Student: 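This is the structure, below, for whatever I ask next.
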Amino acid sequence: MPVREVLFKMERNGVMIDSAMLAAQSRELGEKMLAIEAQAHESAGQPFNLNSPKQIQEILFDKLQLPVKKKTPSGTPSTDEEVLQELALDYPLPKILLEYRGMAKLKSTYTDKLPLSVNRTTGRVHTSYSQAVAVTGRLASNDPNLQNIPIRTAEGRRIREAFIAPPGSRIVSADYSQIELRIMAHLSGDAGLLRAFANNEDIHRATAAEVFGAELAAVSNEQRRYAKVINFGLIYGMSAFGLASQLNIERSAAQQYIDLYFARYPGVKNYMDNTRLQAKAHGYVETVFGRRLWLPEINGANGMRRQGAERAAINAPMQGTAADLIKLAMIKVQHWLETEKLHSRLIMQVHDELVLEVPQAELHLVREMLPKLMCGVAELKVPLLVELGEGKNWDEAH
DNA sequence: AGGTTAAGCGCG
DNA sequence: AAAGCGCGCTTAACCT
């Protein structure tokens, strides 16, 4: 079965949402935003549109003379979250703006809009999956986008509570654990990484132990946090400069961590170098399954674009292989559901996660089989691990 | 009226 | 001079 067929079926299945719950959240957010807006006007000494970056610039940097921390690509002073966080240490207004931004995002993008996407006939939300827009091979979800529903903050997670199963069914979520780092271990063949995954270690803790020369049990929370940033940075081709700004440390210190990492995981260092060489020599990189990303600017004269292509070259094999794997899993799962004539349905895909709507009677079977199907799509040099959750809504299923 | 770009931010 | 990959959506601001 082609993956396109699974996408059609998933789009047709759709997901049930509790519009009344979202409406209540919208009202709550709206009231809080009004109060915050008044505070902001008070603090600024004049009314202004809190949604307007231009007006915020005028107030913060012209009127109040706060220091400019960063500029946007067009040269105007940036008012993004990072800048406001920094200014908030010394001034009251940036903190207020941040609170407003957080709520405005949730209300305008999610709680107000999702109920408008409910199909009149089915009573469900039906996204569209684009199979051929993301260069790495990932899917994209649009109209509405169900791949960027909030989860990282407590307030945001309330929106997930509105993604529900009908009476008699449950929401089941199954996601690949640390999939891109596992793929990095496979592609690089690095002995240390392979061993850590073979032993099913906490990978960030294991990295911290190596980089900081500590016993696994002796790794501090901060050391683990550093290692996590380093691990993600590797996947994205981050530089010492980027790592330094992420960790708020000196660039030289960041460089030391990177050197230390590559000394402990020489296979990864070797893989990164070879990937850049491959990209420059052939003009493309590819995933484990042979999906190619062409990089026309990898040898270009524009330094900035060339470096961008190098980072894309590093990232694409990992992100792309993960995309290949979950597509294989979707085909396997859909095929299984059909041949077994089950009533469980695939309803969403979020890059490394599959979401199903499962009748109570099939819950036991799906809990047993879904991870097996997902883990069995390929034999890599490391085991694939799937974490499964279940509940009456999408939030509980995590 | 309708389209596009910039800035910003939600997710993996 | 920039500095971390891949997406989509909203609002403001600007353009035709």
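Computed from a predicted model, the values in this text were never measured in an experiment.
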Student: Could you work out the separation of C:dA3 and B:dG10 based on their C1' atoms and round it to a whole Å?
Tutor: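 Looking at atom C1' only, C:dA3 and B:dG10 are 23 Å apart.
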
Student: Determine the contact category for A:Asn49: base if any of its heavy atoms lies under 4.0 Å from a base atom, sugar-phosphate if only primed atoms, P, OP1 or OP2 are that close, otherwise nothing.
Tutor: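 If one applies the 4.0 Å heavy-atom cut-off, A:Asn49 turns out to touch the sugar-phosphate alone, with no base involved.
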
Student: For the pair made of CD1 in A:Ile258 and C1' in C:dA3, what is the distance, rounded to whole Å?
Tutor: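 Distance, rounded to whole Å: 11 Å.
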
Student: Over all heavy atoms of both residues, which pair between A:Ser173 and A:Ala397 is shortest? Give the atoms and the distance, please.
Tutor: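 Heavy atoms of A:Ser173 and A:Ala397 come nearest at CB-O, 3.7 Å.
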
Student: Looking at A:Ser52, does any N or O in its side chain come under 4.0 Å of the phosphate oxygens OP1/OP2 on C:dA13?
Tutor: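 Yes, within the criterion.
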
Student: Give me the distance, rounded to whole Å, that separates C:dA2 from B:dG8 when you measure between the P atoms they each carry.
Tutor: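 Looking at atom P only, C:dA2 and B:dG8 are 16 Å apart.
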
Student: Separation of A:Gln307 atom CD from C:dG4 atom P, in whole Å?
Tutor: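 Nearest whole value for this atom pair: 9 Å.
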
Student: Check the distance between C:dT11's P and A:Gln55's CD and give it to me in whole angstrom.
Tutor: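 That distance rounds to 16 Å.
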
Student: What does A:Ser245 touch in the nucleic acid at a heavy-atom separation under 4.0 angstrom: a base, only the sugar-phosphate, or nothing?
Tutor: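 Counting heavy atoms under 4.0 Å across all strands, no contact is made by A:Ser245.
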
Student: Less than 6.0 angstrom from the centroid, inside 45 degrees of the normal: does A:Arg251 satisfy that with respect to the ring of A:Phe241?
Tutor: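 Relative to the ring axis of A:Phe241, which defines the angle, A:Arg251 lies outside at least one limit.
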
Student: What's the closest nucleotide to the side chain of A:Phe241 if the choices are C:dA13, C:dA3, C:dG6?
Tutor: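 So the nucleotide nearest the side chain must be C:dA3.
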
Student: Between A:Ile149 and A:Leu114, which heavy-atom pair has the shortest distance, and what is it?
Tutor: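 Answer, listing the atom of A:Ile149 first, then A:Leu114: CD1-CD1, 4.3 Å.
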
Student: Should the pair A:Arg195 and A:Phe197 be classed as cation-pi, given the thresholds of under 6.0 Å to the six-membered ring centre and 45° from the axis?
Tutor: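 Cation-pi check for A:Arg195 and A:Phe197: fails.
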
Student: Are any side-chain N or O atoms of A:Glu161 and backbone N or O atoms of A:Trp394, one a donor and one an acceptor, separated by less than 3.5 Å?
Tutor: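 No.
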
Student: Just the atom pairs and distances: protein N or O near nucleotides 14-16 of chain C's N or O, under 3.5 Å.
Tutor:
none

Student: Judged by each residue's nearest nucleotide on DNA chain C, which is more toward the 5′ side, A:Gly308 or A:Ala140?
Tutor: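 Nearest nucleotide further toward 5': that of A:Gly308.
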
Student: Could you tell me which non-hydrogen atom of A:Leu194 sits nearest to which non-hydrogen atom of A:Gly189, and how far apart they are?
Tutor: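 Heavy atoms only, the tightest pair is CD1-O, 3.5 Å.
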
Student: For a quick test of reading the model, state the closest non-hydrogen atom pair linking A:Ser344 to A:Val366 and the distance between them.
Tutor: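 Smallest interatomic distance, heavy atoms only, reads OG-CG2, 3.5 Å.
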
Student: Using whole Å, report how far OH of A:Tyr129 lies from C1' of C:dG8.
Tutor: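 Interatomic distance, OH of A:Tyr129 to C1' of C:dG8: 13 Å.
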
Student: Inspect the surroundings of NZ in A:Lys228 and state if more than 12 heavy atoms from other residues, nucleotides or ligands are less than 6.0 Å away.
Tutor: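 12 or below, so no.
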
Student: Mind checking who B:dT5 pairs with, Watson-Crick or G-U wobble, both distances under 3.5 Å?
Tutor: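 Its partner is C:dA12 (Watson-Crick or G-U wobble, both distances under 3.5 Å).
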
Student: If every non-hydrogen atom of A:Pro150 is compared with every non-hydrogen atom of A:Ile159, which pair is closest and at what distance?
Tutor: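 Scanning both residues, the minimum pair turns out to be CG-CD1, 4.0 Å.
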
Student: What does C:dA3 pair with, Watson-Crick or G-U, if both distances are under 3.5 Å?
Tutor: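 Pairing partner, where one exists within any strand: none, as none qualifies.
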
Student: Reading nucleotides 2-12 of chain B 5' to 3', which nucleotides get B (base under 4.0 Å from a protein heavy atom), which S (sugar-phosphate only), which -?
Tutor: ----SSBBBBB

Student: Between A:Tyr261 (OH) and C:dG4 (P), how many Å, whole number?
Tutor: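 For the pair A:Tyr261 OH and C:dG4 P, the rounded distance is 17 Å.
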
Student: To the nearest Å, how far apart are A:Lys71 NZ and C:dA3 C1'?
Tutor: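 Interatomic distance, NZ of A:Lys71 to C1' of C:dA3: 18 Å.
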
Student: Expressed in angstrom and rounded to an integer, what is the separation of A:Lys70 atom NZ from C:dA3 atom P?
Tutor: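 Rounded to whole Å, this separation is 10 Å.
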
Student: To the nearest Å, give me how far apart CG (A:Leu114) and C1' (C:dC9) are.
Tutor: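 From A:Leu114 CG to C:dC9 C1': 11 Å.
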
Student: If every non-hydrogen atom of A:Val285 is compared with every non-hydrogen atom of A:Ala316, which pair is closest and at what distance?
Tutor: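 Of all heavy-atom pairs spanning A:Val285 and A:Ala316, the closest is CG2-CB, 4.1 Å.
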
